[in-house]
Structures are given as structure tokens and as C-alpha cells.
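Just so you know, ligand 1 is whichever comes first in the structure, and atom 1 is the first atom listed for that ligand.
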Amino acid sequence: MIIACADSRADPATIFSAAPGELFVVRNVANLVPPYETDGKYHGVSAALEFGVGVLKVKHIVILGHAHCGGIRAYAEDTAPISPGDFIGRWMSLMAPAAEKVGARGSMSRTEYLERMEQASILNTLDNLMTFPRLSKLVERGAVTLHGAYFGVAKGELSVLDRATGEFRPVGK
Ligand SMILES: [Zn+2]
């Protein structure tokens, strides 16, 4: 199961050379997963997780982030919303814990800062996955493995998260 951004350049089937039927994909703005909530509202990602884990019995869940993510940039640069509801702003506030870990931009270049935010958000989303009670049990039992991946859209380079160090390493290097 892959949770990816809606960005057309971050297409999981293309990145993983997957044929129809191979990947169960959820895409949304900035590949986020809200924490487990039981507020009786509408939870598209939670429903997809329930289906992937409960029905399809996926063994691996990949959070696939990418470079030059418009959602992350909107959050980092506080872009003006298109509606009073500010759907993007509210949605992107899910990455507040990640932004807090990255801290102030300081002397980082804009590109470096946004890349840090994009990658920290993947780690935060992996934490959010563990708030789903049944999923966290399956992960602890080793029945499901969680992964982080990051696609550099300009170079076409895929990096994979090393959970031990928290760093992303290019595949095959
Ligand atoms: Zn994106």
C-alpha cells in the first residue's frame, strides 16, 4: 500500500514500475495521514487504511513523499487560501509536529529547508499511522512493515528512509 501526494510528478505506479493490480494507492495533498480519530466524521485515509490492512491484508505500507511539494510549500510559506474554509491550511496543519522538529529556517537555503520539511513530514506521518490501534499491533507483531520513501522529482531519484538513523538514502547507493 502506498500513500502518495496528488502531485502528478509523484506517481507511484511510474516510480515503482508497477502494473495494474500491484499497488493499493491513496493519494492526497502532501501524502499525509491524520492521526486516528473517532469523531464520527468522514475519514478517507482511515477508510483506505482499514481496507488495505483489514481486507487486502497488505504487508507493507509506504509513505511516499517528494521534492518540490506544493502542499509543504504552502504550509512553510503560509500561502493565502482560495476559500474562507482554507482546506489546504487546515489539512497541512497536520504537519505542525514535523515543522516543530525541523525548527526555524535560519541559515538553510529555501530548497534545503523545504526538503527537510518534506522528509520530516514523512516521519511524522509514520508516527500518525501508529495511532491506529489495530495497525500498530500488526506492526509490533511484524505482520505489517511501515516504510518512508522520498522521490526527487528533478533527478528522478528515489530515497528510502533508514528507520535507525532517520535519514533518507538514495536507492542503490
Ligand atoms: Zn506534493
Side-chain angles (χ1 to χ4, degrees), residues 1-18 20 22-37 42-49 51-52 58 60-83 85-105 108-132 146-163 166-171:
M1 175 171 180
I2 311 236
I3 298 171
C5 184
D7 191 305
S8 60
R9 299 165 298 177
D11 175 36
T14 307
I15 293 167
F16 293 102
S17 304
E22 287 185 322
L23 299 176
F24 181 55
V25 177
V26 180
R27 298 180 75 169
N28 60 43
V29 172
N31 44 272
L32 299 174
V33 174
Y36 176 71
E37 285 173 312
Y42 309 102
H43 296 284
V45 182
S46 307
L49 273 173
F51 190 77
V58 298
H60 299 274
I61 301 176
V62 180
I63 304 298
L64 176 65
H66 71 102
H68 310 293
C69 183
I72 304 272
R73 197 178 59 227
Y75 178 88
E77 298 179 349
D78 205 11
T79 308
I82 58 161
S83 73
D86 186 15
F87 294 110
I88 293 178
R90 171 132 184 77
W91 176 247
M92 290 309 304
S93 71
L94 284 167
M95 66 168 290
E100 207 166 294
K101 276 189 192 140
V102 172
R105 178 173 152 187
M108 276 183 261
S109 72
R110 180 172 180 253
T111 310
E112 191 189 348
Y113 176 63
L114 291 175
E115 184 177 299
R116 290 257 188 109
M117 293 276 269
E118 285 153 359
Q119 297 188 344
S121 180
I122 294 169
L123 288 155
N124 183 53
T125 298
L126 289 167
D127 288 345
N128 285 351
L129 281 176
M130 291 299 281
T131 63
F132 288 77
L146 306 181
H147 309 267
Y150 181 78
F151 185 62
V153 292
K155 293 187 212 156
E157 186 175 75
L158 184 72
S159 300
V160 172
L161 174 65
D162 179 342
R163 296 300 294 268
E167 308 223 322
F168 287 79
R169 282 208 212 118
V171 171

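- Contact detail for Y150 and L64: the closest heavy-atom pair is N-CD1, 4.4 Å.
- In this structure, L158 places its CG atom where more than 12 heavy-atom neighbours from other residues, nucleotides or ligands lie under 6.0 Å away.
- In this structure the side chain of K101 never reaches within 4.5 angstrom of the side chain of L123, judged on heavy atoms.
- For a distance threshold of 2.8 Å, the protein N, O or S atoms nearer than that to the Zn ion (ligand 1), listed by chain and number, are C5 SG, H66 NE2, C69 SG.
- For the residue pair I3 and L32, the shortest heavy atom distance occurs at CG2-O, 4.3 Å.
- The shortest side-chain heavy-atom distance between L49 and I61 falls under the 4.5 Å cut-off.
- By the 6.0 Å contact criterion, CD on E77 is enclosed, its count of non-hydrogen atoms from other residues, nucleotides or ligands being greater than 12.
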